[in-house]
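Below is one structure, written out as structure tokens, with a few remarks after it.
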Protein chains: 2
Amino acid sequence: MNDKDRRSMPLFSIGIVMKLTELTARQIRYYEENELITPERTSGNQRLFSFNDVDKLLEIKNLLDKGINMAGIKLLLTKEIKSEVSKRVGSDLSDEELRSILRNELKDAGRFGRTSLRQGELSRFFVK
Amino acid sequence: MNDKDRRSMPLFSIGIVMKLTELTARQIRYYEENELITPERTSGNQRLFSFNDVDKLLEIKNLLDKGINMAGIKLLLTKEIKSEVSKRVGSDLSDEELRSILRNELKDAGRFGRTSLRQGELSRFFVK
DNA sequence: AATCCTATGTCAGATTATCTAACATGAATG
DNA sequence: CATTCATGTTAGATAATCTGACATAGGATT
């Protein structure tokens, strides 16, 4: 078994993940609801998280602390959009798909400082 | 946190450990009963196993397959007796403590082949 | 100011997972 | 054949987790 398999192996109950990440069960479930993570399930429907899941949750926690919202985090984590998005930065932000996903925070892309993203962190969102 | 801490960190429920080791819950609990492992507990008294525990369980499984019994495995795993025991091999097996612990399989230390240990594996037990 | 949205808290009722304790058993041993 | 060891099995209790609903604080929107 290789390292990749190990990292995606379902191992941890939600109780353990709560301790590892210092997130509440509610938060973890909510992030799953938003498809930021997709933990496995036991035959009895209980969640089983992998190392990758835990890493993602820690990353989510970080990004939330920085003021980034679910939609943004989803972009950052679920798809390999990072490079794709950064390509667009500086060129054209009016891309329809991007706009629609980020409409809450970024509807007015020109007026930084009036969104929920604090200044200097929007860049963190876009670049890498 | 260092590697040692990580390896002894309580992480896994018994259900997961069952899958990882292919042991039954009964077996795992029995080994704990025999003090081969001492998993942590949740506040609600449910077992939480560490990587070290899982490793030990895999080792136990190996040794049991080789015909070694609980007492022997305990010697091999719980204490760092390996070197201590091997020192005695070839000299004096009548040591009282050793005899009493291994009395079931080794009461008649001279007559190999009549114990539950298959030939060639007794040596494996004693020498490292 | 009134409203809406997002992220999270909290609660209830149901279900799954695990616990201990007891009894059962096949294989090996004496 | 009686015993011991390692394990199976079962029952009843408790812990952990699940989903779904409603509550709410703080920003954003109107």
Side-chain angles (χ1 to χ4, degrees), chain A residues 10-19 21-37 39-49 57 60-61 63-74 101-108 111-118, chain B residues 10-19 21-37 39-49 57 60-74 100-108 111-118:
Chain A
L11 291 177
F12 308 114
S13 68
I14 199 171
I16 291 296
V17 174
M18 289 172 63
K19 284 178 190 158
T21 62
E22 294 182 283
L23 293 167
T24 66
R26 182 66 169 93
Q27 286 176 300
I28 295 169
R29 296 190 189 114
Y30 184 66
Y31 303 154
E32 181 187 13
E33 207 175 304
N34 282 267
E35 300 174 280
L36 302 187
I37 52 172
E40 297 285 315
R41 299 286 182 130
T42 67
S43 56
N45 199 39
Q46 304 203 183
R47 289 172 182 80
L48 281 183
F49 300 82
L57 287 171
I60 291 168
K61 204 183 171 193
L63 296 173
L64 278 176
D65 278 351
K66 298 195 195 318
I68 301 174
N69 71 347
M70 292 289 100
I73 293 172
K74 185 170 180 180
I101 293 177
L102 300 182
R103 64 189 174 292
N104 269 307
E105 256 62 28
L106 298 176
K107 200 180 292 180
D108 247 327
R111 298 186 294 168
F112 303 111
R114 298 197 46 196
T115 74
S116 72
L117 297 177
R118 274 151 294 184
Chain B
L11 292 176
F12 308 113
S13 68
I14 198 170
I16 290 298
V17 174
M18 289 173 63
K19 285 178 190 159
T21 62
E22 295 182 282
L23 293 167
T24 66
R26 182 67 169 89
Q27 287 176 299
I28 295 168
R29 295 191 189 114
Y30 183 67
Y31 303 154
E32 181 187 15
E33 207 175 305
N34 282 267
E35 299 174 281
L36 302 186
I37 51 172
E40 297 285 315
R41 300 285 181 132
T42 66
S43 57
N45 200 38
Q46 304 202 183
R47 289 171 182 79
L48 281 183
F49 300 82
L57 287 171
I60 291 169
K61 205 185 171 192
N62 254 323
L63 295 173
L64 277 175
D65 279 351
K66 298 196 194 318
I68 301 174
N69 70 348
M70 291 291 100
I73 294 172
K74 184 170 179 179
S100 75
I101 293 176
L102 301 181
R103 63 189 174 293
N104 269 308
E105 256 63 26
L106 297 177
K107 199 180 294 174
D108 248 326
R111 297 186 296 167
F112 301 113
R114 298 199 45 197
T115 73
S116 72
L117 296 176
R118 273 149 296 184

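As the structure is a prediction and not an experimental result, all values here were calculated from the model. Note on naming: letters A, B, ... go to the chains in the order of the sequence lines (proteins, then strands), and numbering restarts at 1 for each one.
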Atom [atom1] of [X] to atom [atom2] of [N]: distance rounded to whole Å?
X: B:Asn69; N: C:dA27; atom1: CG; atom2: P; answer: 19 Å
X: B:Leu48; N: C:dA17; atom1: CG; atom2: C1'; answer: 13 Å
X: B:Met18; N: D:dG8; atom1: CE; atom2: C1'; answer: 12 Å
X: A:Asn34; N: C:dA7; atom1: CG; atom2: C1'; answer: 9 Å
X: B:Arg29; N: D:dG8; atom1: CZ; atom2: C1'; answer: 12 Å
X: B:Ile28; N: C:dC19; atom1: CD1; atom2: C1'; answer: 14 Å
X: B:Ile16; N: C:dT16; atom1: CD1; atom2: P; answer: 17 Å
X: B:Glu33; N: C:dA21; atom1: CD; atom2: P; answer: 9 Å

Verify side-chain contact (heavy atoms from CB on, under 4.5 Å) between B:Phe12 and B:Arg47, making sure each step is shown before the conclusion. CA-CA 8 Å; B:Phe12 308 113; B:Arg47 289 171 182 79; over 6 Å; no

[X] vs [Y] side-chain heavy atoms within contact, under 4.5 Å:
X: B:Ile14; Y: B:Arg29; value: yes
X: A:Lys74; Y: A:Asn34; value: no
X: A:Ile37; Y: A:Phe49; value: yes

Which of the following nucleotides, D:dC18, C:dC19, D:dT7, is nearest to the side chain of B:Leu64?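 The answer is D:dT7, which lies nearest to the side chain.
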
Where the side chain of B:Arg26 is concerned, which of C:dT18, C:dA7, C:dC23 is the nearest nucleotide?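 Nearest listed nucleotide: C:dC23.
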
Residue-phosphate contact under 4.0 Å: [X] side-chain N/O, [N] OP1/OP2:
X: B:Ser13; N: C:dA17; value: no
X: A:Ser43; N: C:dT16; value: no
X: A:Thr42; N: C:dA17; value: yes
X: B:Arg47; N: C:dT18; value: no
X: A:Tyr30; N: C:dT8; value: no

Salt bridge between B:Arg41 and B:Glu32, side-chain N to carboxylate O under 4.0 Å?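 Yes.
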
For B:Tyr31 and for B:Gln46, find the nucleotide of DNA chain D with the closest heavy atom, then tell me which residue's nucleotide is more 5'.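 Nearest nucleotide further toward 5': that of B:Tyr31.
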
